[in-house]
Amino acid sequence: MLQLSYVREHKNEIIDRLKIRNFDGEKVINEIVERDEVRRQSQTEADAQQAELNKMSKEIGAAFKSGDRQKAEKLKAKTGELKTSTKELFERVSKAERQINNLLLSIPNVPNAQVPAGKSDEDNEVIEEFGQKPELTTDAKPHWDLAKEYDIIDFERGVKVTGAGFPIYTGKGARLQRALISFFLDEAERAGYKEIVPPLLVNESTGIATGQLPDKEGQMYHVQEEDLYLIPTAEVPITNIYRDELLKKEDLPVKMCGYTPCFRREAGSYGKDVRGLNRLHQFDKVEIVQITRPEDSNTTLNNMVEYVKSLLAKLELNYRTLRLCGGDLGFTAALTFDLEVYSAAQKRWLEVSSISNFETYQANRLKCRFKDENNKTRLVHTLNGSALAFPRILAALIENNQTEKGIKIPAALVPYTGFEYITK
RNA sequence: GGAGAGGUGGCAGAGUGGUAAUGCAGCGGAUUGCUAAUCCGUAGUCGCCUAAAAGCGGCUCCCGAGUUCGAGUCUCGGUCUCUCCGCCA
C-alpha cells in the first residue's frame, strides 16, 4: 500500500495519477489526510500527558526509596484523572490509525509515469513484435483437438477426478511438462536467480503483504480448517520470504526463481476463453522475483523483460510485447509488461508472461527495507514475472509445430524431452 | 493429539516490579608508519520542532487484554518455535 507520509505530502499528484487507472481516489485520499491530522494532533497531546505520568511515577518510586511514604501516597492520588484522559487520547490515536490503514488498503498502486491511459486490454500499447506468425495449413487444429489426438492431455478424466480446469497430462504430455520445468529453471539459474521451492499454502499475513488480500479472496482457494490459502502464483510465498526483514545493501538485488503449481478459482470467467488450456484452475509456472534498490528497479524490470523474451526466442515462438495501460494494470503494480505468443490455430494472441514492478507498494506491506550507505532505512522495490506460464506455452507449441510427422519439439527442449516429435 | 520449555535490537545473549547489561556485525569518528590494532559513538518507529540536521517527547522485550503510581518481569487469552511422547510419508 501507499505510504502515509507520501499520501500526506503528494495528495494531489496521487489523485491525478490514479486517474490513469480510472480510479477516483479523491474522496478516500482526502479522508486519509483528514484522519491523519486527527491522529497526529491526538498523539502530540497524548505523548505530553504520558510524559507527565512517567515523570510522576519516577517521583513516586524515588519517594518510596527514600522512605517518604506520605509524599508517595499524595502523588499517587494525583495520577488518577490524568490516567483516564491519557487513555482516551491514545484510543483516539489507535482508532484513527485503524481507519487510515483500512483506507490505504483500498487504494491501488500509483501508476508509473510510463503507463499509458486506457480503459481495457484493448488500449494496451504494443511496443514490439518479434518473429513471423507461423503459417499453418487450413486443416490445422487447436490444441484441445491435438491433445486428444496425440493422447497427451486428458481433459475429460480431469473433470471426473476434480472438475473443469484441472487437466491431466499423460505420457509425452507429462514428460513435456517436466521438460519445461527443468528448461526454465536451468535458464533462470544461468541468469543468476536462486532456485526456491516454496510452500504452496500461505497464511493470511502473507496474502495481505503481496496484495491478494483483502478483497481478492475470490481468486484464491481457501482451506477453512487451517485458515490457509492455496497460492495463485509463486510470487506470493517467494516475495514473502523477506517480509519483516531489514536487508543489508550488499544483499541487493535479491534474485529468486521457483517452479510451482498455481491455483486460481477464476470465479466469473466463462466463454470461449476458457477452452482447453487457455484458462485453468491449476497450472504450472516458473516465476522470477527480484528485490532491488528503488533507483535500480526500472532497469531491472527491463532486464527481466529481456530475459523472458530470450526464453521465447529459444522456444522458437513469435511474440509481441505490450505495455499495459492504466485500465488493465493490476491492483498492486506500478508498471507491467505482458508478453503474448501468437496461436495460429486459434488465431489469437495468448498471454504467456506478465512482468511487473511494484515499486514500494508491496514492500510497504511487507515491511521489507534495507540500510543504504547513509545508514538510512528505506523500502525496497519488488518485481516479478512469469518465466514462464506453462499451459499457453504448451498450447502454442503444439499448435504452431503440428506437422505431418507429428508435433515437432523445439531444439532447445529436445535434451529435456528426450524426443524430437510427439507422434500418434 | 498429550506433556514441558521458550519468544528481548541486524545477529547472539543477560535481565524475578523502579531509566533494557554485554558481545558480534554494519555504519560514523579518533588515533597509530605499513592487509592490522585500540578507543569513542551508533536499535527501530511515531509525534513536536527544523529549510535540513541537532534537539525534545511517546511507543516498541511475539500479539492482545488485565493488575499497579510504575510491567521485559505478575495474571488471563491468543500465537509461533523447540524438546519428549503418540501417530505418520
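These numbers come from the heavy atoms of this one structure, side chains and all, not from hydrogens, waters or symmetry mates.
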Q: For the aromatic rings, using the six-membered ring if either is Trp, is the centroid distance between A:F283 and A:F263 under 6.0 Å?
A: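 Judged by ring-centre distance (under 6.0 Å), A:F283 and A:F263 do not meet the cut-off.
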
Q: When the C1' atoms of B:U32 and B:A54 are compared, how many Å lie between them, rounded to an integer?
A: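 Approximately 31 Å lies between the C1' atom of B:A54 and that of B:U32.
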
Q: Which pair of non-hydrogen atoms, one from A:Y150 and one from A:I422, has the smallest distance, and what is that distance?
A: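 So the minimum-distance heavy-atom pair works out to CE2-O, 3.3 Å.
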
Q: Taking B:G70 as the reference, what is the distance to B:G18 when you measure between their C1' atoms (whole Å, please)?
A: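 Per the computed distance, 7 Å lies between those C1' atoms.
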
Q: Between A:R92 (CZ) and B:G58 (P), how many Å, whole number?
A: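 These atoms are roughly 20 Å apart.
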
Q: Using the C1' atoms only, state how far B:A25 lies from B:G13, rounded to an integer number of Å.
A: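 One C1' to the other, the span is 15 Å.
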
Q: Is the phosphate of B:C59, meaning OP1 or OP2, less than 4.0 Å from a side-chain N or O of A:N54?
A: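 Result: yes.
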
Q: Using whole Å, report how far CD of A:E81 lies from P of B:C69.
A: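 Whole-Å distance recorded here is 16 Å.
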
Q: Under 3.5 Å for both donor-acceptor distances, Watson-Crick or wobble: does B:C39 have a partner, and if so which one?
A: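 Its partner is B:G29 (Watson-Crick or G-U wobble, both distances under 3.5 Å).
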
Q: Looking at B:U19, B:C69, B:G58, which one has an atom nearest to any side-chain atom of A:S57?
A: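 The closest nucleotide is B:C69.
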
Q: Looking at A:K55, I'd like to know whether one of its side-chain N or O atoms comes within less than 4.0 Å of OP1 or OP2 on B:U19.
A: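 A:K55 to B:U19 OP1/OP2: no side-chain N or O under 4.0 Å.
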
Q: Could you measure between the two P atoms, the one in B:C27 and the one in B:A36, and give it in whole Å?
A: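 Looking at atom P only, B:C27 and B:A36 are 13 Å apart.
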
Q: Tell me what A:R8 touches on the nucleic acid: a base, only sugar-phosphate, or nothing, going by heavy atoms under 4.0 Å.
A: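 Sugar-phosphate contact only.
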
Q: Rounded to whole Å, please give me the gap between CG in A:L247 and P in B:G10.
A: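 For the pair A:L247 CG and B:G10 P, the rounded distance is 12 Å.
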
Q: Here's a test of your reading of the structure: between A:K87 and A:A62, which maps to the more 5' nucleotide of RNA chain B?
A: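 Its nucleotide being nearer the 5' end, the pick is A:A62.
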
Q: Any strand counts, and the cut-off is 3.5 Å on both contacts for Watson-Crick or G-U wobble. Which nucleotide pairs with B:A21?
A: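 WC or wobble partner does not exist here.
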
Q: Using atom P of each nucleotide, how far apart are B:A20 and B:G9 to the nearest Å?
A: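 Comparing P positions in B:A20 and B:G9 gives a spacing of 15 Å.
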
Q: Kindly say if A:Q50 contacts the phosphate of B:G57, meaning a side-chain N or O under 4.0 Å from OP1 or OP2.
A: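 For A:Q50, the contact criterion (side-chain N or O under 4.0 Å from OP1 or OP2 of B:G57) is not met.
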
Q: In whole Å, measure the gap between the C1' atoms of B:C24 and B:A14 for me.
A: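 Between the two C1' atoms, the distance is 15 Å.
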
Q: Identify the nucleotide, in any strand shown, that forms a Watson-Crick or G-U wobble pair with B:A14, with both distances under 3.5 Å; if there is none, say none.
A: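 Base partner found: none.
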
Q: Grab the CD-P distance between A:E73 and B:U68 for me, whole Å please.
A: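 Rounded to whole Å, this separation is 13 Å.
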
Q: B:C48 C1' sits how many Å from A:Q41 CD, rounded?
A: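 About 12 Å, once rounded to whole Å.
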
Q: From CG of A:D244 over to C1' of B:G44, roughly how many Å is that when rounded to an integer?
A: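 In whole Å, B:G44 C1' and A:D244 CG are 13 Å from each other.
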
Q: Pick the nucleotide of RNA chain B nearest each of A:I60 and A:R369; which residue has the one closer to the 5' end?
A: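 Final value for this comparison: A:R369.
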
Q: Can you tell me how far P in B:C87 sits from the matching atom in B:G78, rounded to whole Å?
A: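 Result for the P pair: 28 Å, nearest Å.
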
Q: Both distances under 3.5 Å, Watson-Crick or G-U wobble: report the partner of B:C34, or none.
A: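 Its partner is none (no Watson-Crick or G-U wobble pair with both distances under 3.5 Å).
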
Q: Using the six-membered ring wherever Trp is involved, compare the ring planes of A:Y416 and A:F183 and label them parallel, tilted or perpendicular (cut-offs 30° and 60°).
A: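 Aromatic pair A:Y416/A:F183 classed perpendicular.
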
Q: Using both distances under 3.5 Å as the test, list the Watson-Crick or G-U wobble partner of B:C56, or none.
A: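 Its partner is B:G47 (Watson-Crick or G-U wobble, both distances under 3.5 Å).
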
Q: Whether A:R39 contacts B:C46 is assessed here as follows: a side-chain N or O lying under 4.0 Å from the phosphate OP1 or OP2. Is that the case?
A: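 Result: no.
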
Q: Please find the pair of heavy atoms, one from A:C257 and one from A:L185, that lie closest to each other, and give the distance.
A: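 A:C257 and A:L185 have their closest heavy atoms at SG-CD2, 4.1 Å.
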
Q: Can you tell me, in whole Å, how much space there is between the C1' of B:G17 and that of B:A5?
A: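 Comparing C1' positions in B:G17 and B:A5 gives a spacing of 24 Å.
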
Q: Select base, sugar-phosphate, or nothing to describe what A:K83 touches, counting heavy atoms under 4.0 Å on all strands.
A: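 Sugar-phosphate, no base atom in range.
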
Q: Could you identify the nucleotide paired to B:C84, looking across every strand shown and requiring Watson-Crick or G-U wobble geometry with both distances under 3.5 Å?
A: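 Pairing partner: B:G2.
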
Q: Can you name the nearest heavy-atom pair linking A:I291 to A:Y242, along with the distance?
A: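 Scanning both residues completely, I find the closest heavy atoms to be CD1-CD1, 3.6 Å.
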
Q: To the nearest Å, give me how far apart CG (A:L53) and C1' (B:G18) are.
A: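 It is 16 Å, rounded to the nearest whole Å.
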
Q: Report the distance from atom NZ of A:K249 to atom C1' of B:A25, rounded to the nearest whole Å.
A: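 A:K249 atom NZ is separated from B:A25 atom C1' by 12 Å.
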
Q: Taking pairing as Watson-Crick or G-U wobble with both contacts under 3.5 Å, can you name the mate of B:G64, or confirm there isn't one?
A: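 Check on B:G64: paired to B:C76, both distances under 3.5 Å.
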
Q: Hey, are the side chains of A:F419 and A:I409 touching, using non-hydrogen atoms and a 4.5 Å cut-off?
A: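 Yes, at least one pair of side-chain atoms sits under 4.5 Å.
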
Q: Decide yes or no for A:R264 and A:Q219: does some side-chain heavy atom of the first lie under 4.5 Å from some side-chain heavy atom of the second?
A: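 Heavy-atom side-chain distance check passes, below 4.5 Å.
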
Q: Answer with base, sugar-phosphate or nothing: what part of the nucleic acid does A:Q43 contact at a heavy-atom distance below 4.0 Å?
A: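 Answer is base: heavy atoms of A:Q43 come under 4.0 Å of a base.
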
